[in-house]
Amino acid sequence: MGRIEWAMWANEQALAAGLILVTGGIVAVSGQFKNWEFAAYSIAAGVLICLLEYPRGKREKGSTIERCGQKFLTPVVKVLGPLTRNYYVRAVLYAGLAVPTGFLLATILGTVCLAIASGIYLLAATRGEKWFPIESKPRERTPQVGGTIKNPPTNPPPRPPAEARKQQGSKEAVGQENPIEVITEEQ
């Protein structure tokens, strides 16, 4: 079995935590909860987390699917350098951001999710993982009939093996010979 890439799990967890923090913060601010200032902080922290986590990092092996619109936020994460590429920094940053959001009931679920993401990022950092941007590959052109495919097949499937086709070309027989002997009940 392959090695688990913990950063991919942490990315999904932190993005979900950011969205939950924003949602809980909106509920608390619009409801004028007691200590709603923590909810306003929660909205700001959630937006920051979502902006940092939206661009997926490149996997070490295999392919990584980009999120829709990720190419616009990837340069922002690249510019911030070690602040965003190093998973130790992300783990400490998210643990620090989670503390003030834990003082309100509406944002406590986001706080727990963010603390879990922080722990997973710490695990990913100890395993030596780092964030690398997904580089776009130029699309390959599909071959056109007449371009690289000179002679498309003329026989409908199923086609005989290549050796049988060569032998048929030398013979002038009509139809194909069955290579397997057919036994009927009369014999």
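In this chain, residues are counted from 1 in sequence order.
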Smallest separation among heavy atoms of P100 and Y41, with atom names: CB-CE2, 3.4 Å

Do the side chains of F103 and V112 join up, straight or via other hydrophobic residues, at under 4.5 Å, putting them in one cluster? no

Basic-acidic side-chain contact under 4.0 Å: R56, E12: yes

If hydrophobic clusters are built from ILVMFWY residues whose side chains come within less than 4.5 Å, do W9 and I116 share one? yes

When you look at CH2 of W131, are more than 12 heavy atoms from neighbouring residues, nucleotides or ligands closer to it than 6.0 Å? yes

Rounded to the nearest 0.5 Å, how far apart are OG1 of T101 and CD1 of I43? 12.0 Å

If hydrophobic residues (ILVMFWY) are linked whenever their side-chain heavy atoms come closer than 4.5 Å, directly or via other members, who joins L105 in its cluster? I108

Shortest non-hydrogen contact from A91 toward Y121: CB-CB, 4.0 Å

Measure the shortest side-chain to side-chain distance between T126 and Y87 over non-hydrogen atoms and say whether it is less than 4.5 angstrom. no

Nearest 0.5 Å, please: how far is CG in L123 from CD1 in I4? 9.0 Å

Side-chain donor-acceptor pairs of residues 14-40 under 3.5 Å, sequence neighbours excluded:
from: T23; atom 1: OG1; to: L19; atom 2: O; distance (Å): 2.8
from: S30; atom 1: OG; to: I26; atom 2: O; distance (Å): 2.8
from: S30; atom 1: OG; to: V27; atom 2: O; distance (Å): 3.2

Quick check for you: to the nearest 0.5 Å, what is the distance between T111 atom OG1 and L104 atom CG? 9.0 Å

For residues Y94 and E53, determine if any side-chain heavy atom of one lies less than 4.5 Å from a side-chain heavy atom of the other. yes

Which heavy atom of E129 sits nearest to which heavy atom of A7, and what is that distance? OE1-N, 2.9 Å

Linking I/L/V/M/F/W/Y whenever their side-chain heavy atoms sit closer than 4.5 Å, directly or via other members, would L73 and V47 fall into one cluster? yes

With rounding to the nearest 0.5 angstrom, report the CG to CD distance, L114 to Q13. 9.0 Å

